[in-house]
Amino acid sequence: MQDDNSSDEGSDSIDWNTEDELEIANTSSPSSVAISTTTNAAVTTEFGESSSSNNYPSKIVNDFMKMGFPEAMVTKVIRELGENNTDAILDTLLTYSVVDEVPHQENRHNDQTLNPQSNIESDFSDLDSNFSDEDDDESLEKDDPVVSLIDMGYSPYEASAAVIRCGKDAPLSELVDFISAAHLSKETDVEMDKLYFTSQLLKKDKKRKLEKEKSCGINKKLDIKIERKRRDDDEDVLHLPNPMIGFGVPRESFQVVHRTLPKEAIGPPYFLYENVALTPKGVWNTIKSFLYEIEPEFVDSRFFCVAARKRGYIHNLPLENRFPIRPLPPRTIFEALPETQKWWPSWDNREQLNCILTCIGSAQLTDRIRSALEKCDGEPNLHVKKYIIGQCKKWNLVWTGKNRAAPLEPDEIELIMGYPVNHTRGVSRCERYKGLGNSFQVDTVAYQLSVLKDLGIIQGWWEQTNQTGNLIHMSDVEDVTFGKLEECIRSFGGFDLVIGGSPCNNLAGGNRRTRDGLEGEHSSLFYDYVRILDAVKSIMGRN
DNA sequence: ACTATAATGAGGTCATGT
DNA sequence: ACATGACCTCATTATAGT
């Protein structure tokens, strides 16, 4: 891995090394491989498994249990969604393999001061319980607005709250407006997001009506979904959420209140593993099987910044009370790159950018686009438009002059990826592009790591910008042996966090030559992440 | 030797239509 | 259910230039 280009998430504080690296100690960036502080040995959370105590001996519970879902999980979901929402129950069960049954209300009233959304969530939670209580015998054939909203990606709490507030007969658009307004009331771009929501709504609503017409009852729909699940299991396919918002993002939250982790997965240390979301078939299933069968969290960074970045994360971090870095980064092109607005053609309707890659478009392409535009008077014809839009999306070009579509500059990418301007200065331009293209999107990962603040982990690191700890840099991950780890743990007292990504070279869609999968030359270094995590746990466990 | 440039598709998901 | 098309992707490498 120490040869050419097997970089992992090397966005550390000092150099822009594109090789595999592993830093130990207090680093300034959330993308080092391991973080150790001598101070606190982390508050152990009660993720322990809880026995099922329920009174849902109904047929529906049995039906779901026959499909292989644990009873506790089924009853938990039914308690949240109501027994009537068969569709939503199945969706939830399919999405989350394990849900514990701790009543969510108990987890919500702790520290509302830290999380601006917690008030809303609490409201939703309370409203939800009211809702389920009073609405147990809703007919399944009726077009349940709660189900529709959940289908659209909203949480049961949000959906229930909206229905209660606006009434069951309110049009879906009004319900959606209510939810988005609740989330966005403090934001500036309310209108834009309303538009987005509404467009999504219209599409989903149309599709849903068609489904209604075709299906002749929930049993058939259930059968279809069960069949789909069975087929997916056979083919080792993991379900990618759409929209790709993982366990919740700041403004379009689909909150999983709680999850139960396997005992052996619970920290210390905490860990977070990352890689591309769109891998060859079966890869994420294999990764998952080496990381305690924890369900990956698939998140697209377009919900955190202006550019897309579809990634999967497996971690054992708590999910409650996450919060984003402030100020929130711009999420539209015009906000992020205001100077492009002047040159932006009306027929280029992009509002966000595609994934930041390691290569940029050529100057010749910019020229080709310019000459194509100069040949036509006024607005280009459909064919030219299609060609140019296609190239702009493919190469992430932005309009920087009259008829001039150019690649992003390194410092612009630094900002988009969440790093300070000039963070990568000092190496060649190509190396800057490569390093940034290989990095974490800071805001995305920081959101997942933000829970560590509440737990008192790395608090000093979080609060201050200037780092005073020791940085130990090893350029080869295979040098991080069991003995070295023992040494470090003896010296520091243990690791709080083991974090990193492994090479995506052999997984990424952009690789046209050696997309060989997880066993590929570079991507197989994933197993070193597993090795190190196991070693750390083993060493810390016997102390 | 180092750096920049430009050419090099396929695999997979999703939406839509039949 | 099946076909089709749109869409997107932490990349690799030969080549030329400095």
Side-chain angles (χ1 to χ4, degrees), chain A residues 3-11 16 18 20 31 199-200 202-204 206-208 210-211 214-215 220 223-224 227-228 231-232 235-244 273-284 298-302 307-313 350 352-368 386 389-396 407 410 413 416-417 427-442 444-445 500-517 520-523 525-526:
Chain A
D3 47 30
D4 49 86
N5 189 19
S6 55
S7 50
D8 68 7
E9 310 313 316
S11 48
W16 269 99
T18 61
D20 287 294
S31 48
S199 66
Q200 293 294 101
L202 291 175
K203 279 160 62 184
K204 295 270 182 176
K206 188 177 165 192
K207 179 186 170 189
R208 182 158 188 84
L210 288 175
E211 275 180 9
K214 277 197 290 186
S215 71
K220 184 175 179 181
D223 287 346
I224 291 172
E227 170 62 19
R228 191 175 301 157
R231 205 166 54 215
D232 287 354
E235 295 174 8
D236 275 354
V237 173
L238 266 186
H239 181 247
L240 293 175
N242 183 23
M244 196 179 279
Y273 170 81
E274 177 261 15
N275 215 320
V276 292
L278 285 83
T279 63
K281 284 182 181 175
V283 166
W284 271 108
F298 292 105
V299 185
D300 189 337
S301 291
R302 76 183 178 91
R309 200 169 186 83
K310 298 180 179 65
R311 296 293 180 269
Y313 307 86
R350 288 177 297 159
Q352 288 189 297
L353 297 168
N354 278 336
C355 184
I356 303 293
L357 304 177
T358 55
C359 294
I360 62 169
S362 64
Q364 287 189 5
L365 176 59
T366 298
D367 275 343
R368 282 197 292 269
K386 194 172 176 184
I389 294 292
Q391 293 299 307
C392 284
K393 287 183 177 177
K394 182 176 183 178
W395 293 104
N396 249 348
I413 297 182
I416 291 170
M417 296 294 286
V427 294
S428 78
R429 190 178 170 87
C430 278
E431 287 299 313
R432 294 181 73 180
Y433 282 122
K434 191 184 276 184
L436 288 164
N438 279 316
S439 295
F440 284 152
Q441 205 286 320
V442 170
T444 310
V445 181
S502 59
C504 69
N505 303 23
N506 308 119
L507 311 178
N511 188 339
R512 308 179 181 194
R513 297 175 182 262
T514 54
R515 196 183 185 188
D516 300 330
E521 180 185 358
H522 306 292
S523 292
L525 284 171
F526 158 73

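First the proteins, then the strands, lettered A, B, ... as listed; each starts at 1. Note that the structure is predicted; figures quoted are calculated from it, not measured.
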**Student:** Whole Å only: how far is the CG atom of A:L353 from the P atom of C:dC7?
**Tutor:**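 After rounding, the reported distance stands at 16 Å.
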
**Student:** Rounded to the Å, how far apart are A:K393 NZ and C:dT9 P?
**Tutor:**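 Between P of C:dT9 and NZ of A:K393: 11 Å.
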
**Student:** Can you tell me if A:S428 touches the phosphate of B:dA4, counting only side-chain N or O atoms and a distance under 4.0 Å to OP1 or OP2?
**Tutor:**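 Yes.
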
**Student:** Working note: A:E274 + A:V445, criterion side-chain contact (heavy atoms from CB on, under 4.5 Å); need CA distance, chi angles, decisive distance, verdict.
**Tutor:** CA-CA 9 Å; A:E274 177 261 15; A:V445 181; 5.9 Å; no

**Student:** Give me the distance, rounded to whole Å, that separates B:dC14 from C:dC10 when you measure between the P atoms they each carry.
**Tutor:**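 Result for the P pair: 15 Å, nearest Å.
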
**Student:** Figure out the CE/P separation between A:M244 and C:dC10, and round it to whole Å.
**Tutor:**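 Value for this atom pair: 10 Å.
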
**Student:** With a 4.0 Å cut-off on heavy atoms, is A:C355 in touch with a base, just the backbone sugar-phosphate, or nothing at all?
**Tutor:**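 The answer is sugar-phosphate, as A:C355 gets under 4.0 Å only of primed atoms, P, OP1 or OP2.
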
**Student:** Rounded to whole angstrom units, what separation is found between the CD atom of A:Q391 and the P atom of B:dA6?
**Tutor:**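 Nearest whole value for this atom pair: 13 Å.
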
**Student:** How close do A:M417 and A:F440 get, heavy atom to heavy atom, and via which atoms?
**Tutor:**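 What the structure gives for the nearest pair is CE-O, 3.5 Å.
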
**Student:** Nearest 0.5 angstrom please: A:I389 CD1 to A:R350 CZ, how far?
**Tutor:**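 With rounding to 0.5 Å, CD1 (A:I389) is 6.0 Å from CZ (A:R350).
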
**Student:** At 4.0 Å (heavy atoms only), tell me whether A:R429 reaches a base, stays on the sugar-phosphate, or touches nothing.
**Tutor:**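 Answer is sugar-phosphate: A:R429 comes under 4.0 Å of backbone atoms only.
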
**Student:** NA contact type, A:I356, heavy-atom cut-off 4.0 Å: base, sugar-phosphate, or nothing?
**Tutor:**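 Nothing, no nucleic acid heavy atom in range.
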
**Student:** A:Y313 and A:W284: which non-hydrogen atoms are nearest, and at how many Å?
**Tutor:**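 Heavy atoms of A:Y313 and A:W284 come nearest at N-CH2, 4.2 Å.
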
**Student:** If pairing requires Watson-Crick or G-U wobble contacts with both distances under 3.5 Å, which nucleotide is the partner of C:dA6?
**Tutor:**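 Looking at the geometry, C:dA6 pairs with B:dT13.
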
**Student:** Please check the phosphate of C:dT12 (OP1 and OP2 only) for any side-chain N or O of A:N505 closer than 4.0 Å.
**Tutor:**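 Answer yes for this pair, as a side-chain N or O of A:N505 is under 4.0 Å from OP1 or OP2.
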
**Student:** So, does A:N511 get its side chain near the phosphate of C:dT9, meaning an N or O under 4.0 Å from OP1 or OP2?
**Tutor:**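 It does not, given that no N or O in the side chain of A:N511 lies less than 4.0 Å from OP1 or OP2 of C:dT9.
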
**Student:** Does the side chain of A:Q364 get closer than 4.0 angstrom to OP1 or OP2 of B:dA7 through an N or O atom?
**Tutor:**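 Yes, A:Q364 has a side-chain N/O under 4.0 Å of OP1/OP2 on B:dA7.
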
**Student:** Using whole Å, report how far CG of A:L240 lies from P of B:dG12.
**Tutor:**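 Value for this atom pair: 12 Å.
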
**Student:** Has the side chain of A:N275 got a donor or acceptor atom that lies under 3.5 Å from a matching backbone atom of A:G501?
**Tutor:**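 Between the backbone of A:G501 and the side chain of A:N275 there is no qualifying donor-acceptor contact (under 3.5 Å).
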
**Student:** Of the candidate nucleotides B:dT13, C:dT9, B:dA7, which contains the atom at the shortest distance from the side chain of A:L357?
**Tutor:**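 Nucleotide nearest to A:L357's side chain: C:dT9.
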
**Student:** Check whether any side-chain N or O of A:N354 sits under 3.5 Å from a backbone N or O of A:K393 as a donor-acceptor pair, and report yes or no.
**Tutor:**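 Yes, A:N354 side chain to A:K393 backbone: donor-acceptor pair under 3.5 Å.
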
**Student:** Rounded to whole angstroms, how far apart are NZ on A:K394 and C1' on B:dA10?
**Tutor:**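 The answer, rounded to whole Å, is 11 Å.
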
**Student:** Where the side chain of A:N354 is defined as all heavy atoms beyond and including C-beta, which of B:dG12, C:dC10, C:dC8 is the nearest nucleotide?
**Tutor:**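 My answer, after comparing the listed nucleotides, is C:dC8.
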
**Student:** In whole angstrom, what separates A:K386's NZ from C:dG5's P?
**Tutor:**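 To the nearest whole Å, that distance equals 11 Å.
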
**Student:** When you match A:A363 and A:G510 each to their closest nucleotide on DNA chain B, which lands nearer the 5' end?
**Tutor:**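 Result: A:A363.
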
**Student:** Atom NZ of A:K310 and atom C1' of C:dC7: how far apart are they, to the nearest Å?
**Tutor:**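 One finds 9 Å between C1' of C:dC7 and NZ of A:K310, rounded.
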
**Student:** Please tell me which of the listed nucleotides, B:dA7, C:dC8, B:dC14, lies nearest to the side chain of A:N242?
**Tutor:**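 It is B:dC14.
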
**Student:** Nearest heavy atom decides the nucleotide; on that basis, is A:R512 or A:L278 closer to the 5' end of DNA chain B?
**Tutor:**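 Final value for this comparison: A:R512.
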
**Student:** Examine C:dT13: is either OP1 or OP2 under 4.0 Å from a nitrogen or oxygen in the side chain of A:R513? Give yes or no.
**Tutor:**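 No, outside the criterion.
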
